[in-house]
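To start, the structure itself, in C-alpha cells.
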Amino acid sequence: MGVLSVPAAVRAILLDIEGTTTPIAFVKDTLFPYIRDNVQEYLRVHWEEEECQQDVSLLRKQAEEDSNLAGVVPIPPETGTREEDSERVIEAVVDNVHWQMSLDRKTTALKQLQGHIWKAAYTTGQVKGEVFEDVVPAIRKWREAGMKVYIYSSGSVEAQKLLFGYSTEGDILELFDGHFDTKIGHKVESESYKRIAASIGCSTDNILFLTDVTQEANAAEEADMHVAVVIRPGNAGLTDDEKSYYSLVTSFSELCLPSSP
Ligand SMILES: CSCCC(=O)C(=O)COP(=O)(O)O
Ligand SMILES: [Mg+2]
C-alpha cells in the first residue's frame, strides 16, 4: 500500500464521486439505466409540476446551445394544452436525454433532471448509493483531525445528497461540510476550483482534490489546488506519463495527514 503525505497547508479535502468515492459501475450499470428506463414515465407523471417544467426549459435551452452538434434532438415548445401536444414534447425530451446520455454529457440540464428522477429510486429503497469500503472510515479520521470535507461532482447536489443519504453505509451526509456541482462551473475548468475555494472561504492552496479524471486534476492544479488521482477498479487507465506525473492513491486510507503518526 502506498502513502500520500498530505501537504501541511491543506485544510479541506474535495472529493469527486464517480470513480473516487463510488464505483463507476454503480453509475453506469445502476443509476444511468434507471434513467433510461424511467424518464418517459417520470415526465408523464410530473409534467404539470413547476420543477419538471423548469427541468424541461433548461433542457430546451441546452438543446439550442447544442444545435451545431451531430445528432442533437431539439425540444419544441408546447403550443397547446391537448394531451397529444404534451406527449409530442415528452417524446422529444426523452430522445434528447437518451442522446445526451449516449455521449455521457455532463450538462447541468441533464444532471438536474437525473437527480429528480433518482429521488423515487432511492426513497423507495430500489437503489442504494455505493461507496468504496475505505471511504467512510477515512473521512471520519480526517474530520477528527479537523479537516473539512466537500464533494464536487457533475451529478447535481440533489443527486449527491440522495447517493450519500441513502447509501450502503446508511445516511452519511453528516460527513460532508458542503456540496458543489456544475452550477459553480465545469470540472475541467480551473475557474471552477477558484470559485469553490472562495465559497469555502480559503485559498486553493488549502485544498486537496481527489479525482479519477486527469483533465479535472489538471484544471484544479492550474488553480493552485493540491491534487491526487484515484485509481479504483473499473476506472479508465492512465498513461505512463500520467502515472509518473500525478500523486496516485488506490484507497483513501493511503492519505497521511500532517499530524498522523
Ligand atoms: C452524483 S450521482 C451521479 C453521478 C453522475 O451523474 C456523474 O456524472 C458523475 O460525475 P463525477 O463528476 O462524480 O465523476
Ligand atoms: Mg469521477
Side-chain angles (χ1 to χ4, degrees), residues 13-39 42 55 58-59 62 97-98 100-123 126-132 135 149-169 171-173 175-176 178-189 192-193 195-196 208-220 225 227-238 242 246 248-250 252:
I13 298 181
L14 181 65
L15 300 170
D16 164 63
I17 295 181
E18 184 186 7
T20 299
T21 62
T22 296
I24 288 181
F26 170 67
V27 178
K28 296 270 188 288
D29 300 340
T30 300
L31 289 183
F32 286 177
Y34 184 90
I35 299 294
R36 288 191 199 96
D37 294 346
N38 290 282
V39 57
Y42 175 88
D55 290 350
L58 213 55
L59 284 162
Q62 183 65 48
V97 165
H98 284 175
Q100 287 206 57
M101 290 183 68
S102 72
L103 301 174
D104 197 16
R105 302 283 307 283
K106 305 282 188 188
T107 63
T108 302
L110 174 66
K111 296 291 156 187
Q112 185 170 297
L113 175 68
Q114 286 178 335
H116 294 148
I117 298 175
W118 283 321
K119 189 171 178 189
Y122 284 107
T123 55
Q126 279 180 75
V127 166
K128 277 193 195 302
E130 285 183 27
V131 289
F132 288 107
V135 169
V149 181
Y150 297 86
I151 295 288
Y152 181 29
S153 170
S154 300
S156 68
V157 167
E158 274 173 285
Q160 298 172 21
K161 289 185 175 172
L162 287 166
L163 193 153
F164 295 116
Y166 297 89
S167 87
T168 48
E169 310 292 318
D171 180 350
I172 52 169
L173 281 172
L175 297 182
F176 305 111
H179 296 257
F180 299 96
D181 62 18
T182 54
K183 285 189 182 148
I184 201 128
H186 286 282
K187 293 178 78 185
V188 293
E189 291 166 5
S192 310
Y193 298 87
R195 286 187 207 113
I196 287 173
L208 168 66
F209 178 48
L210 301 183
T211 180
D212 59 316
V213 175
T214 54
Q215 291 92 325
E216 296 173 6
N218 265 337
M225 268 189 198
V227 299
V229 173
V230 183
I231 299 176
R232 298 286 199 182
N235 283 8
L238 302 178
E242 287 170 335
Y246 292 107
L248 305 175
V249 290
T250 59
F252 286 4

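Ligands are counted one by one from 1 in listed order, and the atoms in each one are counted from 1 as well. Excluded from the calculations below are hydrogen atoms, water molecules and symmetry mates; all remaining heavy atoms, backbone and side chain alike, are included. For clarity, every value in this text was computed on a predicted model and none was experimentally measured.
Vertex the Mg ion (ligand 2), arms ending at O of E18 and OD2 of D16: the angle is 80° after rounding to 10 degrees.
The part of L163 lying near ligand 1 is the side chain, judged by heavy-atom distances below 4.0 Å. Using a 4.0 Å cut-off between heavy atoms, F32 contacts ligand 1 through its side chain alone, with no backbone atom that close.
Judged purely by atom type and a 3.5 angstrom limit, Y166 has no side-chain atom pairing as donor or acceptor with the backbone of K161. Using a distance-only test at 3.5 Å, with no hydrogens or angles considered, no donor-acceptor pair links the side chain of T250 to the main chain of I231.
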Test side chain to side chain donor-acceptor pair (under 3.5 Å) on S154 and T182 and set out the steps.
CA-CA 6 Å; S154 300; T182 54; over 6 Å; no
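Here's the thing with S153: one of its N/O atoms is less than 3.5 angstrom from an N/O atom of ligand 1. Between K111 and ligand 1, at least one N/O pair is under 3.5 Å apart. Of the polar atoms of D16, at least one N or O is found under 3.5 Å from an N or O of ligand 1, judged by distance alone. No N or O atom of Y152 sits closer than 3.5 Å to an N or O atom of ligand 1. In terms of N/O distances under 3.5 Å, ligand 1 is approached by K187.
Heavy-atom contacts from other residues, nucleotides or ligands closer than 6.0 Å to NZ of K119 number 12 or fewer.
For the ligand labelled ligand 1, residue W118 lies inside the 4.0 Å heavy-atom shell.
The Mg ion (ligand 2) has an N, O or S atom of D212 closer than 2.8 Å.
Residues F132 and T20 have side chains not in contact (no heavy-atom distance under 4.5 Å, counting atoms from C-beta outward).
Annotation: cation-pi pair R105/F32 absent, no NZ/CZ under 6.0 Å from the ring centroid and within 45° of its normal.
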